[in-house]
Amino acid sequence: MAEISFELYNNQLVQQLVGPSDTNLKLIETMLNVEIGSFGNQMTIKGNAEAVEQAKTAVDILYHKVSKGIEISEQEVKAAIRMSDEGPAVIDDKNLNDIVLKTKKRHIYPRSATQAKYIQEMMKNELVFGLGPAGTGKTYLAVALAVSMMLEGKIDKIVLSRPAVEAGENLGFLPGDLKDKVDPYLRPLYDALYEMLPAEQVDKKLAIGEIEIAPLAFMRGRTLSNAFVILDEAQNTTPMQMKMFLTRLGENSRMVVNGDLSQVDLPRGVISGLKDALDTLENVSSIGAVTFSASDVVRHGLVAKIVKAYEEKGKKQHGYD
């Protein structure tokens, strides 16, 4: 058993950190299997040496957040625990701890080191690939950065796209007009927008074309300038569709391509355009790629466990560690 004692210097911030009835500390105790004693601004952590160090780092991360005026929720505590896995150096990483995406309805912060790297790559590069399982925030953070850049006047238009029905985009059999046919497949993109902007602003921007949500087939023949362009579910594109999409990039634009290569719905024998693009563009500069894993899942805790179980199964089936 290891034990560490330390002092936090602002009693008011400590109260915000620990939460009502020490709720936040109890969550750290449960998730890391440690014991935390809190007496005023004095804290003691006991447990396995590695877990104690991680818990101390998580507490320091939370203290940094409350000192920045960030309200500590259960999700913020879980995010601090994920980040603490990177070790104590994560606290001094200004690029990680000072990233904030400002939208009309909320300020959005990275909840894992990988999320922070992803945001940095999107800020730095004109084209970024976000790879990994559902629930890791790939699409949500891309939309958040797009909205933030629009509010700052850095871009004029946001374009959100995805293959409508697997790769074939066979919409004809669905009921309703084109909007009725397409909307169910683009719902996650709408949901992200309405979390960041007032509903009336989203509706207005959609009506005047400042925000466009369209199936991938609608991108053909266009050049997208002064825009932030996001392609979701990119694993279900063909190589020709992916090439078509990537070559839409115009002046002063950014493009983010997200997908999960473990969830390809293409017909047997058809190569994923996402995998083909990663192989083809491997040595091209000004392109970023960030890979998320089960540990980055920010949805319900059980989702991370499910994703991890499938990852382990995939490793066994393909015979690698």
For residues 16-24, run the donor-acceptor check on the side chains, cut-off 3.5 Å, and write out each pair with its distance to 0.1 Å, sequence neighbours left out.
unit_1: T23; atom_1: OG1; unit_2: P20; atom_2: O; d: 2.3
unit_1: N24; atom_1: ND2; unit_2: L17; atom_2: O; d: 2.7

Whether over 12 other heavy atoms sit under 6.0 Å from M240 CE: no

Mind checking the CD1-OG1 spacing from I271 to T237? Nearest 0.5 Å is all I need. 11.5 Å

4.5 Å side-chain heavy-atom contact, L101 and P110: no

Counterpart residues, side chain to side chain donor-acceptor pair (under 3.5 Å), relative to D191 (two or more places apart): R187

Just wondering, are more than 12 heavy atoms of other shown residues or ligands nearer than 6.0 Å to CD in E7? yes

For M242 and A234, work out which heavy atoms get closest and say how close. CE-CB, 3.9 Å

So how far is it from L8 CG to Y63 OH, rounded to the nearest 0.5 Å? 5.5 Å

With sequence neighbours excluded, what pairs up with K26 under the salt bridge (Lys or Arg N to Asp or Glu O under 4.0 Å) test? none

Mind listing the closest non-hydrogen atom pair of G47 and V52 along with its distance? N-CG2, 3.3 Å

How many angstroms lie between atom CG of L249 and atom CE of M255, to the nearest 0.5 angstrom? 5.0 Å

How many angstroms lie between CG in L206 and CG in L197, if you round to the nearest 0.5 Å? 10.0 Å

Looking at E50, is its backbone amide N or carbonyl O close enough to the side chain of E53 to form a donor-acceptor pair, meaning the two atoms are under 3.5 Å apart? no

Taking the side chain as every heavy atom from C-beta outward, state whether T114 and V290 have any atom pair closer than 4.5 Å. yes

Which residue, K117, R82, K78, forms the side chain to side chain contact (heavy atoms under 4.5 Å, CB included) with S112? R82

Close side-chain approach of M196 and I108, heavy atoms under 4.5 Å: yes

Report, one line per pair, each donor and acceptor closer than 3.5 Å where one atom sits in a side chain of residues 141-154; sequence neighbours left out.
unit_1: E152; atom_1: OE1; unit_2: K154; atom_2: NZ; d: 3.0

Test: K204 and E200 ion pair at under 4.0 Å: no

Sequence neighbours left out, what pairs pass side chain to side chain donor-acceptor pair (under 3.5 Å) with at least one residue falling in residues 249-263? Y118-N258, N226-N252, D260-S262

Minimum side-chain heavy-atom gap M43-L25 below 4.5 Å: yes

Got a sec, which pairs hit ring-ring contact (aromatic ring centres under 6.0 Å, His included) with one end in residues 1-56, sequence neighbours left out? none

Is there a donor-acceptor pair closer than 3.5 Å between any side-chain N or O of T280 and the backbone N or O of A277? no

Partners meeting salt bridge (Lys or Arg N to Asp or Glu O under 4.0 Å) with E3 (sequence neighbours left out): none

Look at the side-chain heavy atoms of Ile, Leu, Val, Met, Phe, Trp and Tyr, link any pair under 4.5 Å apart, and say whether M123 and Y140 land in one connected group. yes

Interatomic spacing from CG in N41 to CG in L13 - rounded to 0.5 Å: 11.0 Å

Do the non-hydrogen side-chain atoms of F292 and Q115 ever get within less than 4.5 Å of each other? yes

Short side-chain to backbone donor-acceptor contact, N125 and L127, under 3.5 Å: no

Under 3.5 Å, side-chain donor or acceptor atoms of residues 208-225 against the rest of the protein: list the pairs with distances, not counting sequence neighbours.
unit_1: E210; atom_1: OE1; unit_2: K205; atom_2: NZ; d: 3.0
unit_1: E212; atom_1: OE1; unit_2: K157; atom_2: NZ; d: 3.3
unit_1: E212; atom_1: OE1; unit_2: R222; atom_2: NH1; d: 3.3
unit_1: E212; atom_1: OE1; unit_2: R222; atom_2: NH2; d: 2.9
unit_1: E212; atom_1: OE2; unit_2: R222; atom_2: NH1; d: 2.7

Salt bridge (Lys or Arg N to Asp or Glu O under 4.0 Å): which pairs involve residues 231-241, sequence neighbours left out? R162-E233

The salt bridge (Lys or Arg N to Asp or Glu O under 4.0 Å) partners of E76 (sequence neighbours excluded) come to K65, R111

Flag side-chain contact, heavy atom, 4.5 Å: Y194 against D203: yes

For I36, is there any backbone N or O sitting under 3.5 Å from a side-chain donor or acceptor partner on K46? no

Is any side-chain heavy atom of V100 closer than 4.5 Å to a side-chain heavy atom of K68? no

Considering all heavy atoms, the nearest A80-A58 contact: CB-O, 3.9 Å

Which atom pair, heavy atoms only, marks the closest approach of L189 to S161? CD1-N, 4.1 Å

Can you name the closest pair of heavy atoms from A49 and A2 and give their distance? CA-CB, 3.6 Å

Roughly how far, to the nearest 0.5 Å, is CD1 of I158 from CG of L193? 6.5 Å

Evaluate the side-chain proximity of N236 to L274: yes if any heavy-atom separation is below 4.5 Å, no if none is. no

For the residue pair Q54 and S84, confirm or rule out a side-chain donor-acceptor distance under 3.5 Å. yes

Tell me every residue that passes side chain to side chain donor-acceptor pair (under 3.5 Å) with N48, counting only those two or more places apart in sequence or in another chain. none

When every non-hydrogen atom of Q120 is compared with those of I99, the smallest separation belongs to CG-CD1, 3.8 Å

Can you sort out the partners of K104 under salt bridge (Lys or Arg N to Asp or Glu O under 4.0 Å), two or more places apart, ordered by chain and number? none

